[in-house]
Amino acid sequence: MTMVLVVTGVGALIHVYSIGYMEHDPRFGRFFAYMNLFVFFMLMLVLADNYLLLYLGWEGVGLCSYLLIGFWHDRPAAANAAKKAFITTRIGDAAMLLGVVLIWSTSIRSTSEACS
């Protein structure tokens, strides 16, 4: 519950700050759609009660990080940073997937041995 409060509280503060910061940007709506999607996936990650939802939340946070970092994709620095973030998160995603598969396969094996 603490992490839910942290995610929603910090997310709310970022939203309030971003309203002024993005006030005159023509893609105001798109930015806040990305921000809300980020908070949604972060809450999914925190509230997940199984490994599949945990992994989907993890993937969603990575996707939203890429979208937010590359929001001003017309700037070369932002486009390059988004590419770096994408590659970095793909490495983390592969490791997370491997961990989830190992946990799942170990739990299936131990369950089948207990039933025998």
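Computation of the quantities below employed the complete heavy-atom set of this structure, encompassing side-chain atoms and omitting hydrogens, waters and symmetry-equivalent molecules.
At a threshold of 4.5 Å between non-hydrogen side-chain atoms, the residues Val39 and His15 count as touching. The closest side-chain heavy-atom distance from Phe31 to Asp25 is not below 4.5 Å.
A tilted orientation is assigned to the rings of Phe32 and Phe28, their planes being inclined by 30° to 60°.
By the 6.0 Å and 45° rule, Arg30 does not stack over the aromatic ring of Phe71.
Exactly one of Val7, Val6, Thr8 qualifies for a side chain to side chain contact (heavy atoms under 4.5 Å, CB included) with Val10. That residue is Val6.
Listed by first and then second residue, the salt bridge (Lys or Arg N to Asp or Glu O under 4.0 Å) pairs that reach into residues 8-18 come to none, sequence neighbours excluded. Applying the salt bridge (Lys or Arg N to Asp or Glu O under 4.0 Å) rule to pairs touching residues 61-82 yields nothing, sequence neighbours excluded.
Counting heavy atoms of neighbouring residues, nucleotides and ligands inside a 6.0 Å radius, atom OH of Tyr34 exceeds 12 of them. Atom CH2 of Trp72 is surrounded by more than 12 heavy atoms from other residues, nucleotides or ligands within 6.0 Å.
Leu102 and Thr106 get closest at one heavy-atom pair: O-OG1, 2.7 Å. Shown here for Ala82 and Gly70, the closest heavy-atom pair between the two residues is CB-CA, 3.6 Å.
Taking CG of Leu67 as the start and NE2 of His73 as the end, the distance is 10.5 Å to the nearest 0.5 Å. Here CG of Leu5 is found 6.5 Å from OG1 of Thr2. Values are rounded to the nearest 0.5 Å. For the atom pair CG (Leu63) and CG (Leu37), the distance works out to 6.5 Å, reported to the nearest 0.5 Å. Considering NZ of Lys84 and OG1 of Thr89, their distance stands at 14.0 Å, rounded to 0.5 Å.
Judged as a salt bridge (charged side-chain N to carboxylate O under 4.0 Å, His left out), and not counting sequence neighbours, the contacts of Arg90 are Glu59, Asp93. Residues forming a side-chain contact (heavy atoms from CB on, under 4.5 Å) with Tyr51 (at least two apart in sequence, or on another chain): Leu54, Val100, Ile103. Legend: residues meeting side-chain contact (heavy atoms from CB on, under 4.5 Å) with Met44, ordered by chain and number and at least two apart, are Phe40, Phe41, Leu56. Residues meeting the side-chain contact (heavy atoms from CB on, under 4.5 Å) test with Ala85, sequence neighbours left out: Ile69.
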